[in-house]
Amino acid sequence: MTLYEEGDVSTSPVNEGLNRRLAGELAEMHEQGVFKHLQHICGAQGPVVDLEGFGETVNLCSNNYIGLCDVPEVIAGVREGADKYGAGTSSVRFICGTFDVHRELEDRIADFLETEAAITYTSCWNANGGLFAPLLDEKDALISDELNHASIIDGIRLCKAQRHIYRHMDMDSLREALENSQTARHRLVMTDGVFSMEGEIAPLPEIRELCDRYDAIMTIDDSHATGVLGDTGRGTPEHFGMHGEIDIITSTLGKALGGMAGGFVASSREVIEYLVQRSRTQLFTNAIPPHSAAGALAAIDHLEAHPELVTRLRENTAYFREKLTALGYKPIEGDTPIVPVIVGETADAIALSTRLLDEGVFVIGFGFPVVPHGSARIRSQISAAHTREHLDLSLIHISEPTRPFTLSRMPSSA
């Protein structure tokens, strides 16, 4: 199902010239096989989902890494939050007041990540969009990995600091950027903790050493690592034994932590208070819904009470990678639950994901502009909620794409 089908003729009052141009470009996307169709889930997010038009499918494309989206304790937290605080905030925090549950969540996040303070945003996109401009100006330098997330790129565009882009996870290139920016007042190095399209883990110890050597601010977006990496799910810093040693962390509540609306920045008290005063994406938009804040609190509580979920996720990931490799595929190497296989062209990746969906495996093909031309891929994402049967059935249909698919014996959750 999509809002626009090839050949549609618009009756909208929107400017005719604009509609005509966009219709032509949309038609080209159809012809090139790169048009994206939205899929609709009829029920809760989980390892198996009821997909409109397809029925039950094994879900290999969710960020529900530790399976908290449909955990009763998390759902109860959301429900109790809605009962107590209502549907939403109705205005920005400094005008109409902020709910005490937001403060409780921010204190909890800071404690979870061992920082002095934290502030929530409506998304991690807004957190990254509102981070750089308040802290840095023309006298400063921003140094970013070339494959950082789009939200980081857009946040950098909003900032007046000098821009330096270093080659992906290349420490010699980062060192060169730091050398070339020594006249700046502040230098902020920004990297994803886990790169979402590759599943690679940034070399935090090496980045930390360079930041210390050149007196730079080390900042990471840990959206695909919070709840995922480290023995207790505290992210990339814990994975490297560096928990509490990162200057600024941005991340999300919308992936492993129950899929809630919202993101956050965690750092020193001074950084967080300055963002409260000056960060435009925090100042001029509503706070996250209070029921999302309550749900996120319940998700963190559940994760801390059940560290075996992180262990199960790691075991499921190793199993899937091993079996996928045994089938002759060559996924990008890594230790994260993001398991991408490079296909090449965008149209080929989309066609392969469409074929797998017809066979009951929900996995998405990514191409340009999400990834560079020629590096389109199928990206599988593993969850602690997957059973071995879920994974085995997916592997069967990845290896034998014409085999009939049945979910008759498949449990809906782990």
Side-chain angles (χ1 to χ4, degrees), residues 41-49 59 62-90 93 96-115 117-127 222-230 232-235 238 249-266 282 285-313 383-386 412-414:
I41 297 173
C42 305
Q45 183 67 267
V48 174
V49 292
N59 187 1
S62 171
N63 299 317
N64 183 28
Y65 292 118
I66 50 177
L68 298 188
C69 284
D70 59 353
V71 167
E73 292 87 344
V74 175
I75 296 171
V78 174
R79 185 179 296 113
E80 291 164 9
D83 288 342
K84 180 175 181 179
Y85 296 101
T89 59
S90 81
R93 295 170 74 171
C96 72
T98 187
F99 288 105
D100 57 0
V101 71
H102 293 120
R103 179 179 60 198
E104 183 182 355
L105 174 60
E106 288 161 352
D107 289 346
R108 191 79 165 83
I109 290 168
D111 178 69
F112 184 68
L113 296 180
E114 286 191 9
T115 64
I119 183 174
T120 52
Y121 289 74
T122 52
S123 67
C124 189
W125 187 288
N126 274 354
D222 227 24
S223 292
H224 285 273
T226 302
V228 175
L229 293 186
T232 62
R234 283 170 165 80
E238 186 182 38
I249 298 173
T250 70
S251 192
T252 184
L253 307 172
K255 299 189 190 320
L257 297 181
M260 303 299 155
F264 60 83
V265 178
Q282 187 276 141
T285 191
N286 287 14
I288 63 173
H291 55 269
S292 285
L297 278 165
I300 295 173
D301 287 344
H302 193 83
L303 170 60
E304 290 198 316
H306 298 279
E308 71 274 8
L309 292 173
V310 181
T311 302
R312 189 185 308 162
L313 173 61
S383 171
H386 284 127
S412 60
S413 62

Peer 1: Are the side chain of Asn126 and the backbone of Tyr121 linked by a donor-acceptor contact shorter than 3.5 Å?
Peer 2: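 Checking the backbone N and O of Tyr121 against the side chain of Asn126, no donor-acceptor pair under 3.5 Å is found.
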Peer 1: Taking atom CZ of Phe264 and atom OG1 of Thr115, what is their separation to the nearest 0.5 Å?
Peer 2: 8.5 Å
Peer 1: To check you understand the geometry: which heavy-atom pair defines the closest contact between Glu104 and Leu297, and what is its length?
Peer 2: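 So the minimum-distance heavy-atom pair works out to CD-CD1, 3.7 Å.
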Peer 1: Drop me the distance from Ile41's CD1 to Asn59's CG, to the nearest 0.5 angstrom.
Peer 2: 6.0 Å
Peer 1: Indicate whether any N or O donor in one side chain lies under 3.5 Å from an N or O acceptor in the other, for Glu304 and Thr232.
Peer 2: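 Glu304 vs Thr232: no donor-acceptor pair found between side chains.
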Peer 1: So which atom in Pro289 and which in Ala87 form the shortest heavy-atom distance, rounded to 0.1 Å?
Peer 2: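 Between these two residues, the closest heavy atoms are CB-O, 4.2 Å.
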Peer 1: Can you give me the closest heavy-atom contact between Leu113 and Ala266, atom names plus distance?
Peer 2: CD1-CB, 4.1 Å
Peer 1: With a 4.0 Å cut-off on N to O distance, would you call Arg93 and Glu106 a salt bridge?
Peer 2: yes
Peer 1: Just wondering, do Tyr85 and His291 contact through their side chains at under 4.5 Å, heavy atoms?
Peer 2: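 SC-SC contact between His291 and Tyr85 ruled out.
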Peer 1: Ignoring hydrogens and angles, tell me if any N or O in the side chain of His386 forms a donor-acceptor pair with the backbone of Ser383 under 3.5 Å.
Peer 2: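 Side chain of His386 to backbone of Ser383: a pair is present.
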Peer 1: Take Leu229 and Glu238 through the test side chain to side chain contact (heavy atoms under 4.5 Å, CB included) and record every step on the way to the result.
Peer 2: CA-CA 7 Å; Leu229 293 186; Glu238 186 182 38; over 6 Å; no
Peer 1: Rounded to the nearest 0.5 Å, how far apart are CG of Leu68 and CE of Met260?
Peer 2: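 The CE atom of Met260 is 8.0 Å from CG of Leu68, to the nearest 0.5 Å.
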Peer 1: Between atom OG of Ser123 and atom CG of Leu253, what is the distance when rounded to the nearest 0.5 Å?
Peer 2: 10.0 Å
Peer 1: Distance from Thr89 atom OG1 to His102 atom NE2, nearest 0.5 Å?
Peer 2: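 Answer rounded to 0.5 Å: 6.5 Å.
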Peer 1: Find the distance between CG (Leu303) and OH (Tyr65) and round it off to the nearest 0.5 Å.
Peer 2: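 Going from CG on Leu303 over to OH on Tyr65, the span is 14.5 Å.
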Peer 1: List the steps and the verdict of side chain to side chain contact (heavy atoms under 4.5 Å, CB included) for Val101 and Lys84.
Peer 2: CA-CA 10 Å; Val101 71; Lys84 180 175 181 179; over 6 Å; no
Peer 1: May I ask you to check whether Ser251 and Thr226 show a side-chain donor-acceptor distance below 3.5 Å?
Peer 2: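 Ser251 vs Thr226: donor-acceptor pair found between side chains.
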Peer 1: Ignoring hydrogens, what is the shortest heavy-atom contact between Ile249 and Asp222? Give both atom names and the distance.
Peer 2: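 Shortest heavy-atom contact: CG2-CB, 4.2 Å.
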Peer 1: Side chain to side chain contact (heavy atoms under 4.5 Å, CB included) for Val228 and His224? Distances and angles first, verdict last.
Peer 2: CA-CA 7 Å; Val228 175; His224 285 273; over 6 Å; no
Peer 1: Does Cys69 offer a backbone N or O that forms a donor-acceptor pair with the side chain of Asn64 under 3.5 Å?
Peer 2: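 Yes.
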Peer 1: Quick one, His306 and Ile66 - any side-chain contact, counting heavy atoms below 4.5 Å?
Peer 2: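 No, every pair of side-chain atoms sits at 4.5 Å or beyond.
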Peer 1: If we only count heavy atoms from C-beta on, is the Thr120 to Val265 side-chain gap below 4.5 Å?
Peer 2: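 In short, these two side chains do not touch, never coming nearer than 4.5 Å.
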Peer 1: Taking salt bridge (Lys or Arg N to Asp or Glu O under 4.0 Å) as the definition, give me every residue that meets it alongside Glu308, ordered by chain and number, with sequence neighbours left out.
Peer 2: none
Peer 1: Grab the two heavy atoms, one from Ala256 and one from Gly227, that are nearest each other, plus how far apart they are.
Peer 2: CB-CA, 4.1 Å
Peer 1: Provide the closest heavy-atom pair for Gly81 versus Ala294 in the form atom of the first, atom of the second, distance.
Peer 2: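 Closest pair (atom of Gly81, atom of Ala294, distance): CA-CB, 3.7 Å.
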